[in-house]
J.: 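Structure in structure tokens, see below.
Positions are given from 1, in the same order as the sequence printed here.
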Amino acid sequence: MAKNILSYFNFNDTTVFITGAYSQLGSAISEGLGIYGAKVIINGKNKEKLYRLQKNLLKKKIQTSIACFDITNYAQVKKFFKGIKKLDVIVHNANNTHHTPLKNFEKKKYLNSFETSILSLTNIVNCTVNKLKKSSKKNETSSIINISSMYGMVSPDPSIYSSEKVASSPQYGAAKAALIHHTKYLAVHLARYNIRVNSISPGPFPNTNISRDKKFLNKLKEKTPLKRVGKAEELVSTVLYLASKSSSFTTGVNIPVDGGWTAW
């Protein structure tokens, strides 16, 4: 008889490492996993923002610890994870976005985007694979979840991004597309250890600053088949699925959560 599927969403005794934790989506993911019992390790480079997020999570009785370091720095990644005994799930949400149009090319911005999306993930996997193997032996599976983007799948529509303020960045989409492919690569190479690797491609989930630009916000809504933008909790539910045993036979996939944006 199959186990009660609802029990798979119990993350008690589960340790999750979350990059880009104090961003809009990162904060929601941290809270969502924590509410279901996970101990969340929140990562970022800004200590003040991490402490602010931790304070909010602790108010909700979520087990939280801070990991303030640069994930593109291999030495810092290695030093941190050397002191971590248990790890079950990784959510790679960090990104380095500079809203610049194609004409304003800067090599540094391209390199920063790829370092944050790809190099940092490689650093983390190399330093945690043995811990994830140990988790898989105990729990039957462990999980890496990469947060990509709809713009890793399709190009931005230039008619929407008509101002410098909300310019679409070519390096952002290129890095996110690379993240989707790297997800598939890791999935097939780590499958032998029952370490599952999947990605999620959010659609329009505008942050507070972008939401204030009503003209741009309306363009996003009109472009989306469901005629609205996403709510953070609509992404969290997919993270919960991929982190849980309910997705134990799911690896190497990219799940769009985009209101139908990439279906056009």
J.: Any donor-acceptor pair under 3.5 Å linking the side-chain atoms of N43 with those of T19?
T.: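 Result is no, nothing qualifies.
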
J.: Write out all pairs satisfying ring pair (Phe, Tyr, Trp, His ring centres under 6.0 Å) with one or both partners inside residues 177-203, taking only residues at least two apart or from two chains.
T.: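 For residues 177-203: Y185-H189.
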
J.: Using the rule given for side chain to side chain contact (heavy atoms under 4.5 Å, CB included), can you reason through V91 versus V16, listing the C-alpha separation, both sets of side-chain angles and the distance that settles it, and then say yes or no?
T.: CA-CA 7 Å; V91 181; V16 183; 4.1 Å; yes

J.: What residues, two or more places apart in sequence or in another chain, satisfy side chain to side chain contact (heavy atoms under 4.5 Å, CB included) together with L119?
T.: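 Side chain to side chain contact (heavy atoms under 4.5 Å, CB included) check on L119 returns E115, N123.
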
J.: Identify, with sequence neighbours excluded, every residue that meets side chain to side chain contact (heavy atoms under 4.5 Å, CB included) alongside K49.
T.: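 If we apply the side chain to side chain contact (heavy atoms under 4.5 Å, CB included) test to K49, skipping adjacent residues, the hits are Y22, N46, R52.
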
J.: For Y151 and Y161, take the angle between the two ring planes, folded into 0 to 90°, and tell me which bin it lands in: parallel under 30, tilted 30 to 60, perpendicular over 60.
T.: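 Correct class here is perpendicular.
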
J.: Output the distance between atom CD1 (I145) and atom CG (L33), rounded to the nearest 0.5 Å.
T.: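 So the CD1 of I145 and the CG of L33 are separated by 7.0 Å.
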
J.: Run the side chain to side chain contact (heavy atoms under 4.5 Å, CB included) test against D157 and tell me which residues pass, sequence neighbours left out.
T.: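 Residues passing side chain to side chain contact (heavy atoms under 4.5 Å, CB included) with D157: S159, I160, K223.
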
J.: Report the residues that fulfil side chain to side chain contact (heavy atoms under 4.5 Å, CB included) with A177, sequence neighbours left out, ordered by chain and then residue number.
T.: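 A177: no side chain to side chain contact (heavy atoms under 4.5 Å, CB included) contacts found.
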
J.: Applying side chain to side chain donor-acceptor pair (under 3.5 Å), name anything that partners N198, two or more places apart in sequence or on another chain.
T.: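 Partners of N198 under the side chain to side chain donor-acceptor pair (under 3.5 Å) test: none.
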
J.: Which atoms form the tightest heavy-atom contact between P206 and L217, and what is the distance?
T.: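 Looks like CG-CD1, 3.7 Å.
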
J.: For the residue pair D88 and S135, confirm or rule out a side-chain donor-acceptor distance under 3.5 Å.
T.: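 Yes, S135 and D88 have a side-chain donor paired with an acceptor closer than 3.5 Å.
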
J.: Within the 3.5 Å criterion, strictly below it, is a donor on S23 or N93 matched to an acceptor on the partner's side chain?
T.: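 Present: a donor and an acceptor within the cut-off.
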
